[in-house]
Amino acid sequence: MFPISEKVKRAYSWLHRGTTVEQVLDIPAHLNLYHIAHKNGLLIDFLRPSGCHCSRPLSQISGLANTPMDIQIAQVQQELLKGFGLNLGDDFYNLHLNNLLVNYLLYSSLCYVQTEGQNGLDSYYVTKQVAIIEGLKPFINSKDIAKLNKGYFNDRYGTELSELTESKHKVIVLRPDADGYHLGKGIFYSNSRNNAIYPAYVLRGYKKALLGVLKRRVIRISCLDSLGGDIKFVTTLNGDALCKWLGVSEVNRCQPIWRQVEGSYCEANLTLPNLDVRNEFITINLLHIKNVQILP
């Protein structure tokens, strides 16, 4: 794995600053979803089901007038795009709900994408929102800043009708590297069963809730590994339990573990101590957690 540069570390801290919702436009729907994810410890699925033990599809979350939020968001985005000049019929959202939903996320938030292919899992950020790219400019490598200034990515900020009808969304891809974030042009295929997309703050909200439990209790996690096999292990971030596992008496000896866990630069990954084996750590993917059991 590449070394994380100070530039990327500062960018990650900027994305986690203490305001209400990280890196989204000021839209009430995002604030509502953040609170649902964080306060209730839920992982909200926007496209295909993740299989996570505490996931809930967006269609089961109520918006205004008890309308399911996926329908409400699609309707809002349909009207917005019509205002931009796209010729969409009034019932377009019924036929292309998922594509309107993805388009909304890309225009209003920094999104985390996870893809599963023959070479395993791949993950990166995507967006269509120029304000997010502008906010990240201090952390983008200089070569890509030059491309930005020359308008190389300008074709990613708009939406063509074919993106909505063919499920091929033109996006700016952001990947962390040793010299900052690298930008690229990409296509997000929203109809692929191997692709998942989440506003980055939804994963952070769920991760914060899970970390809160880990700091207080010892739990048994059941999840899938990168090859689809089952993993079960006992873990915690509780200071007293970690001291016992490490064979030390000073709680401050646990700080490197806490820093390692909370400093992960992949939104969906957590590296946790395996209490069944001394000095062994296991990296899990939040989207692959099947069950969490709190132990006495």
Side-chain angles (χ1 to χ4, degrees), residues 1-5 8-9 11-12 15 43-55 57 98 102 105-106 109-127 141 144 167-207 210-211 214 220-233 235 257 260-274 276-277 279-292:
M1 177 149 180
F2 55 79
I4 297 294
S5 68
V8 171
K9 289 180 181 178
Y12 200 76
L15 292 172
L43 180 66
I44 302 169
D45 288 331
F46 287 80
L47 287 180
R48 64 184 177 89
S50 64
C52 180
H53 73 108
C54 63
S55 62
N98 280 348
V102 168
L105 296 179
L106 292 171
S109 65
L110 181 69
C111 295
Y112 172 85
V113 168
Q114 182 168 290
T115 66
E116 299 183 33
Q118 292 182 344
N119 297 322
L121 292 178
D122 187 21
S123 61
Y124 45 87
Y125 296 111
V126 295
T127 191
N141 77 88
D144 288 334
S167 305
K168 300 176 181 178
H169 302 266
K170 296 179 179 179
V171 295
I172 297 178
V173 176
L174 301 93
R175 293 181 182 271
D177 205 337
D179 57 348
Y181 280 92
H182 280 267
L183 305 185
K185 291 184 177 182
I187 301 292
F188 178 75
Y189 297 91
S190 56
N191 62 348
S192 172
R193 297 180 63 182
N194 295 325
N195 291 340
I197 186 169
Y198 297 85
Y201 68 81
V202 166
L203 285 174
R204 292 178 197 143
Y206 170 59
K207 182 184 284 189
L210 182 59
L211 289 175
L214 283 163
R220 178 178 288 110
I221 290 181
S222 300
C223 59
L224 299 178
D225 63 18
S226 59
L227 299 177
D230 290 324
I231 300 175
K232 291 183 180 180
F233 67 104
T235 189
I257 295 176
Q260 173 180 299
V261 171
E262 298 188 9
S264 170
Y265 292 94
C266 175
E267 297 288 356
N269 283 357
L270 271 179
T271 300
L272 298 170
N274 177 9
D276 297 324
V277 181
N279 294 325
E280 179 179 277
F281 291 83
I282 296 177
T283 298
I284 63 172
N285 189 286
L286 295 179
L287 305 184
H288 294 165
I289 297 177
K290 296 167 60 179
N291 188 49
V292 171

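No experiment lies behind these values; they were computed from the predicted model shown. We're numbering straight along the sequence, starting at 1.
For the atom pair SG (C52) and NZ (K290), the distance works out to 12.0 Å, reported to the nearest 0.5 Å. Annotation: the span from F233 atom CZ to N274 atom CG amounts to 6.5 Å, rounded to 0.5 Å. Between the CG atom of D122 and the CG atom of N195 there is a distance of 10.0 Å, given to the nearest 0.5 Å. To the nearest 0.5 Å, the span separating CG on N269 from CG on L203 amounts to 10.0 Å. Here I187 contributes atom CD1 and K170 contributes atom NZ; the two are 6.5 Å apart, rounded to the nearest 0.5 Å. Between atom CD1 of residue I197 and atom OG1 of residue T115 there is a gap of 11.5 Å, rounded to the nearest 0.5 Å.
Residues L270 and L210 form a side-chain contact, since some pair of their non-hydrogen atoms from C-beta on lies under 4.5 Å apart. I282 places none of its side-chain heavy atoms less than 4.5 Å from the side chain of T235. Between I289 and L43 there is no side-chain heavy-atom pair separated by less than 4.5 Å. Contact check for K168 versus Y189: side-chain heavy atoms found under the 4.5 Å cut-off. Here the side chains of L121 and H288 are in contact, with some heavy-atom distance below 4.5 Å. By the 4.5 Å heavy-atom criterion applied to side chains, V261 and T271 are not counted as neighbours.
When atom types are taken as modelled, the side chain of R220 and the backbone of K232 share no donor-acceptor pair closer than 3.5 angstrom. At distances below 3.5 Å, not a single donor-acceptor pair connects side-chain atoms of T127 with backbone N or O atoms of C111. No side-chain donor-acceptor contact under 3.5 Å links S55 to the backbone of I44.
Partners of F281 according to the ring-ring contact (aromatic ring centres under 6.0 Å, His included) rule, which considers only residues two or more places apart in sequence or in another chain, are W245.
Atom CZ of R175 has more than 12 neighbouring heavy atoms from other residues, nucleotides or ligands inside a 6.0 Å radius. More than 12 heavy atoms of other residues, nucleotides or ligands sit less than 6.0 Å from atom NZ of K185.
Under the 30°/60° scheme for interplanar angles, the aromatic rings of Y198 and F46 are found to stand perpendicular. By the 30° and 60° cut-offs, the orientation of the rings of Y125 relative to Y181 is tilted.
Considering every non-hydrogen atom in both A196 and F188, the closest pair reads O-CE1, 4.3 Å.
Side-chain contact of H53 with N291: a donor-acceptor pair under 3.5 Å is absent, judged by distance alone.
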Show your reasoning for whether side-chain hydrogen bond (donor to acceptor under 3.5 Å, both in side chains) applies to S190 and N98. CA-CA 7 Å; S190 56; N98 280 348; over 6 Å; no
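Test D144, L110, V126 against L174 for side chain to side chain contact (heavy atoms under 4.5 Å, CB included) and you get one pass: L110.
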